[in-house]
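Just follow the structure's listing: the first ligand is 1, and inside any ligand the first atom is 1. We count residues from 1, following the sequence as given.
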Amino acid sequence: MNIAFGHSNMDLDCLGSLIFVKKLYPDYRLVRSRLIHPAAAHLYEFYKGYFDFINPKDLEKGQIENIIIVDTCVAERVREYLQFIRNSEPAIRIIDHHNTENCDILGARLEGSRFGANTSFLGKLAMERGLTLLPEEATIALTGIFADTGRLIYENVCPEDFEVAAYLLDMGASLKLVKSFLETVKEDSQIEVLNRLLPALETKLIQGNAVLLSYLELEENVSGLSAVVEKVMELQNPDAYFAIFYIAKTRTVQLIARSQRSRIDLHELLQAYGGGGHQLAAAAKIQGREGTAFYEEFIASLEKSLAPAVRARDIMTKGVRTIHEHKSLLEVSMLLEEIELGGVPVLNDQEELCGFIGLKNIMKGRKAGAMKAPVTAYMSRQPVWADGSITLREIERIFYKHHIGHLIIMENGKIEGIVTRWDYLQFQKSRSPEEKPGIKS
Ligand SMILES: [Mn+2]
């Protein structure tokens, strides 16, 4: 017998991969994990018939010749299957999109690419072979790709994920169904918590970071709380969110945290409470504490332990050139060419900031044939400037509000630098790892 399986606690990418295995290698039987990841439970309920799974225990009976393992390369995560294989030395082929350096399944043949989703690798094989899928199979596979790629927007996404997604749409995948399978907040109990959380939210500016906090008492534990917290995060878009629940029945404080800034390292922060997780997603359970007292104490500790937010002075271009108000448009355009910037601050006789002149202003002068006119005739007389201590969020707000591309940064009445839209975007692009928290496998 030939068999295929994914990791324990099968998730959506696992199921997506397996549906392709079934199409590509029809002589392999798929084996079901004892556990289905909660995020995959709904899809599994509707579509389990399409997999025609056997149970790990069924493996005891036969002789296993070939094995395909998908979406993991770690022995620990497939132990529940391997323990039932009685014969020695089956041929093992691993198809995984994780870093396979840590693979500890001996003698296995490794395949796969670092695509956003493992499903995409198998999807490429299916495309190359010109396979046809049922609409239901295409829906299963597309859900897998969307789950592991945050709907094709995480940093791990490759062109191949898009290609396979397009192919699946062609095969009749239903985006409506995919969307509903990806919805993680749908139980009544979760929605009730969500409704109670929203009015309980408070935002605090801590070290320049916009931090969202909430405290809620629950009778008993509600499953899928972290999905609710992620939903709130999505709605409010803070730098970080700390949701604190007091579970009356078990007298436990549950702390669930999400961050969007790698500077706010949640794994490290929550270790102090015996918790942990990833940099951007972590949780802790604290026994024997009274809820509200813990909440107050936790906020106070954040004031001390939170890393300061990035400020204008951290990302500005320093050593900014300026131009005197009596200089001509021609002179300023030559200066801009020299320094490769789109605009410069204008100074008056007292060396004070009195305007800003950019390419657009010069263009107007050029059209009017007035390149010899003084800068004052065409500059904008209300230069937008800000203090070096403002945060990224405030910079963003100023750009949008004033429709400008350059923000002059002053410290103690002196021009210290300029933040351009380009500086801002470069910084946003470079700050990794900024993977979205959520399903990671
Ligand atoms: Mn995966």
Side-chain angles (χ1 to χ4, degrees), residues 4-24 30-44 47 51 53 67-81 92-105 108 110-127 137-165 167-168 173 178 181-182 184 226-227 230 277-281 433-441:
F5 46 77
H7 51 76
S8 285
N9 206 9
M10 291 196 290
D11 62 10
L12 290 165
D13 189 30
C14 228
L15 292 171
S17 300
L18 289 175
I19 205 73
F20 270 126
V21 168
K22 192 189 127 200
K23 301 299 284 191
L24 285 159
L30 306 180
V31 192
R32 177 199 190 280
S33 166
R34 207 166 31 87
L35 286 170
I36 313 284
H37 192 284
H42 279 88
L43 180 135
Y44 179 78
Y47 288 141
F51 295 89
F53 278 118
I67 302 177
I68 294 177
I69 300 177
V70 295
D71 205 24
T72 185
C73 58
V74 181
E76 177 62 34
R77 302 198 73 196
V78 290
R79 191 172 311 283
E80 65 165 311
Y81 314 97
I92 303 178
R93 183 174 163 199
I94 293 175
I95 300 174
D96 185 21
H97 68 137
H98 297 97
N99 182 359
T100 44
E101 267 171 34
N102 308 322
C103 179
D104 60 354
I105 300 170
L110 283 165
E111 283 169 74
S113 263
R114 301 297 300 273
F115 296 162
N118 198 57
T119 304
S120 304
F121 181 81
L122 285 143
K124 280 291 279 183
L125 295 181
M127 284 172 75
E137 294 166 336
T139 299
I140 295 167
L142 189 59
T143 309
I145 294 178
F146 273 20
D148 260 32
T149 60
R151 307 180 190 200
L152 296 174
I153 201 136
Y154 290 171
E155 288 190 2
N156 59 4
V157 173
C158 302
E160 288 81 357
D161 295 303
F162 279 89
E163 274 179 61
V164 177
Y167 155 73
L168 292 169
V178 170
F181 290 134
L182 289 172
T184 48
S226 57
E230 273 159 26
H278 305 282
Q279 199 173 20
L280 304 176
E434 294 266 311
E435 257 181 87
K436 276 276 178 189
I439 304 160
K440 274 270 162 57
S441 47

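- Neither side chain, N156 nor H97, offers a donor N or O lying under 3.5 Å from an acceptor on the other.
- Looking only at atom types and distance, the side chain of T72 has no donor-acceptor partner in the side chain of D96 under 3.5 Å away.
- Judged by distance alone, the side chains of D161 and T149 never bring a donor and an acceptor atom under 3.5 Å apart.
- Taking the Mn ion (ligand 1) as the apex, the angle formed with OD2 of D148 and OD2 of D13 is 80°, to the nearest 10 degrees.
- For the Mn ion (ligand 1), the N/O/S atoms of H97 include one lying under 2.8 Å.
- Here A126 pairs with F20, L24, L131, Y167 under the side chain to side chain contact (heavy atoms under 4.5 Å, CB included) rule; sequence neighbours left out.
- Between the Mn ion (ligand 1) and D71 there is an N/O/S contact shorter than 2.8 Å.
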